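Side chains are part of it too, since the values below use all heavy atoms of this structure and drop only hydrogens, waters and symmetry mates. Not measured: the values here are computed from a predicted model. Residue numbers begin at 1 in each chain, while the letters A, B, ... track the order of the sequences.
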Amino acid sequence: MLSHTLVTLYRSLARHRLFAALNVLGLAAGIAVFLVLTLIVQYESGFDRWLPDASNIYRLDSTWTFPGNAPYEDADSTFVAMQPLLADYPQIRAATRMMPRSRPVSVGATIASESVAYVDPNFLNVVRLKLAEGDRDQALSNPASVAITATTAQKYFGTTKALGRILTISEDGTKRSLTVTAILQDLPHDTTLSPINLITRFTPSIEQATRAFTNWGSASGYTYLKFANRTDARSVQADLPSFVARRSADAKGRPEGGLSLSLVALTDAHFHDVAVDAPIPGVDRRVVFSLAAIGLLALVMAAINYVNLATARSDLRAREVALRKVMGATRRMLLLHFLAEAMAMVAVAALIGLALTELAVPVVNALGGWAVRINYAQIVPLVLILVILLGGVAGFYPAILLAAYRPAVVLASSRTPSGGRMGTRLRGLLVLIQFVGAISFAICTLVIDRQAAFLRAADRGFNRDGLIIVESLQAPELVSRQNVILDAFRRVPGVVAVTQSDREPDSEDTSTTNVGRPGLIGPEPHFIHETVGRDYFHTYGVRLLAGRLFDEAHRNDDLRGISWDDRSFNTVINETGVEALGFRSPEDAVGQTMTGDSHSRLTIIGVVADVRFMSPRDPIAPQYYMYNSHGFADAQAAIRSQGVARAEMMQRLQTAWRTLLPDVPFVADTADGRLSEFYKPDEQRARLFSAGAILAVGIACLGLYGLASFSTTRRIKEIGIRKTLGASTRDVLALLIFQFVRPVLIANLIAWPLAWGAMRGFLAGFDQRIPLSPLYFIAVGLGALGLAIITVLSQAVSVARAEPSRALRYE
Amino acid sequence: MIFLSGLNRLYRSDDVETTALRSIDLQIDAGEFVAIMGPSGCGKSTLLNILGTIDRPTSGQYRFGDTDLTTLPEAALAIFRRNHLGYVFQSFNLIDDLTIEENIELGLVYRKIPRQARREKVAASMDRVGIAHRARHYPNQLSGGQQQRAAIARAIVGNPQLILADEPTGNLDTENGAQVMDILAGLNAEGATIVMVTHSPSHADIARRRIDMLDGRVVISVRNAI
């Protein structure tokens, strides 16, 4: 019986190739979209789950709340907290800390900057990274031991069998030899841990030099706590406010101001980190949900297509069904027959969909920055379930419709029962749902795409063209040589300006302080404090709005020339700072004084335009600039060049660097390169949504085609009568086209408010954003309408042009 | 074999009621060859459809042997059809996507007869109507006459107790029509019971009994001289 069903299906498809292609490809596309998005959702939801016991490991986050500023959460936390936490809460099974740093590493002539994780000795027993070689318990037992990843071993030793080999690490100018005691498997992509190439223990000198070991207000790395279960973690979490109040109090009993601590499960961290300053940017859970929803939508649309196309073909099959009934087939047999057909069809489509998924995964990974892989052990059962479910759901209505044909009626005339008015309405409704989905999706895509393009081109308050940031300058041992190095850069042909500053595009560290002024009502606003070197505003191309820029001719401009006891400095503030301090205009602010760090008196000599070094989602903070003509801590260099290709300029700068500092690796990137992380998620989303929207509209058009072919064949006689009575081909064409595009028109009315609501929420997440113009809605609406007309035109034309006599003979 | 008593069939649409059959009382014995004649709309095909259980009477009784078919549920009627009836249509009604052989086999598939037995019965049936050489062809590759012979082969392959033929020669030319009637007459001679609707008086004369219908009633029932 089953073979009979399959043979019939095969012959029927082979005879109606266009129908078969539309149906199978529509289903395959829907299944492929669903599978790809399922893989992405699975990937995004699986961060750190590869770590043993990951759900019981929690990261200690710190949140800073200052008057006038939104609370700011950081994945970093003070290292002081760990011992008191262990002492106060027996629920904590183990605790460990990690401080990531970039360090020059060398073996023989190979020297490069590497991501080094300084950790407590028990780190690998709490965060159980996978070892390729070595003993977990012994790996960090010695202060001079180091665990390195397989790739790092290959890079420095040419082999992953590197146990016992020696490498040299440079720490603030001091070199230390470390022995390789373990080889780690490279960290997978789906982790919230900061990048790790080498792991070694904290040293006493590092602990002394790092304020986070002694100061509750400083954070330099991550603290991980391990619990037996979620309940224990919750109980500690609930008590953390009193812990901070109790344990961070100074001699006078005052706790650390503005600090609160919280616990984030590693398995939740990826979604949590969307609004957190974390080593790996998090992903908004809503984005992942919307991807899952799009996947399901694609499946639903594909199922709707099947229903529409299958019922559209019912004309062709009515006689066959009647015959089968006359031959003795029961209704149940026919139901099973058509359900089996649907499942066979879905199975073929699923195979093609799986092949499409294989082809799409590398493309999607490149488009979206994922590292998604197909795991056949998981995906094959999913596909089988899909075939049964989708085949069952999509095949059910056509099977019911077809199996219900009454043979006497069908055989008496060529007219086929259509499922009645209900059936017609249902098919219209299905196409309407498809277009509501496709149109709202397309509008969202257009808005997301425009917003991403806008962000890319948006004014960030500084000129990004030809700007290179040299990170290596921030090595503490180079502070005294900063100006020599910058002078060497200035001599490089093509370089037009050079400066240094302790903040730069995608800056790792931001120091803030509260700033006041006489007569200011309300709490003192928190200002970002940035120290800048010579030519800073010129190099970055920041616009001066009022007053003047720093000038060494003025003694109080330069931190270097002033004794700290004077506590009187000149400063430049940004436009947002003017507003925060309640000045009426930039001009109004110039010459005024404000109080800064340690009761220093700051005279505002100039106001510059706001500069956006961080995410376009973050609001611009008030900021003040201080000038230091000599070297200062955490300074990175900014170099503006002209007329030289980026790679060539990078090479020249590296050569200049190597001449002066052969032992320090040169690490640099363009300003655009550093900022790209901020654009990437939106651009990736825009690209993914574009691909999805094209597919959704395509699938919806397939559905419309099915509906059109169904109703045109049913209306041939009516059209013959209309033409006999005098209707022109144009009249008939207009009638048919209006009938077919009506669901698209109605779909617009439903889709527009849906898309408007979704996009209003999306754009609200950006500090810089495009207006939600009605043009996006109109453009997509017209586009959908145009596509719908093109889809139905050929069928409508062929029916409208038919000779009336032929049309009347049809029945 | 067939007993119809007080059989009525009404069709109701929104506000129109049409009576297709009125108080039909009819008995057809095993081995009879009955031709039903009458103008269009007189109820011939409705009567044939009810005899074939693809339509139900509104009232009255239809007994087949000892079985009252009017009370049987849909599924039981399907089983009845596959076991006892053979159908021949004016427009052949072969399934386009199946070969002639597969078309003929279809009823046996529903009867769950094993493949080998099916093949043997199909071969015998095709031989009987002279289309064995067309077994692997599709219906659209055959002439009208050949298609109708295939349809007859399909109707007789399961050795039905009753063959129903709805204007079996209506779509055929004279020569092919005559061939089909020869086959039906032959089958009847071998013992098959046949009820045939026809417009052709000459073909009706081949039957042993002729029933004339008008406005849903049986007006004349006469036995032909053989």
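When all heavy atoms of A:Lys325 and B:Arg81 are compared, the pair lying nearest together is O-NE, 2.8 Å. Between A:Arg324 and B:Leu106 the shortest heavy-atom distance is NH1-CD1, 3.4 Å. Taking all atoms of both residues into account, the shortest heavy-atom contact from B:Ala78 to A:Thr330 is CB-CG2, 3.5 Å.
Annotation for A:Phe396: atom CZ does not count as buried by contact number, only 12 or fewer foreign heavy atoms lying within 6.0 Å. Counting non-hydrogen atoms of neighbouring residues, nucleotides and ligands closer than 6.0 angstrom, the CG atom of B:Asp215 reaches no more than 12 such neighbours.
Note that CG of B:Leu94 is 12.0 Å distant from CD of A:Glu320, once rounded to the nearest 0.5 Å. Note that CD1 of B:Ile95 and CG of A:Leu323 are 5.0 Å apart. Values are rounded to the nearest 0.5 Å. The structure places CE of A:Met333 at 7.5 Å from CD1 of B:Ile79, a figure rounded to the nearest 0.5 Å.
Of the two parts of B:Arg154, only the side chain, counted from C-beta on, holds a non-hydrogen atom closer than 4.5 Å to a non-hydrogen atom of chain A. For B:Glu102, the part lying near chain A is the side chain, with the backbone staying farther off; criterion is any non-hydrogen pair under 4.5 Å. Heavy atoms of B:Thr46 lying under 4.5 Å from chain A are absent altogether. Contacts between B:Arg115 and chain A at a heavy-atom distance below 4.5 Å involve the side chain alone, from C-beta outward.
Proximity of B:Phe89 to A:Val326: side-chain heavy atoms (C-beta onward) are separated by under 4.5 Å at one or more points.
Side chain of B:Arg82 to main chain of A:Ala329: no donor-acceptor pair is present (N/O by atom type, distance under 3.5 Å, no hydrogens or angles).
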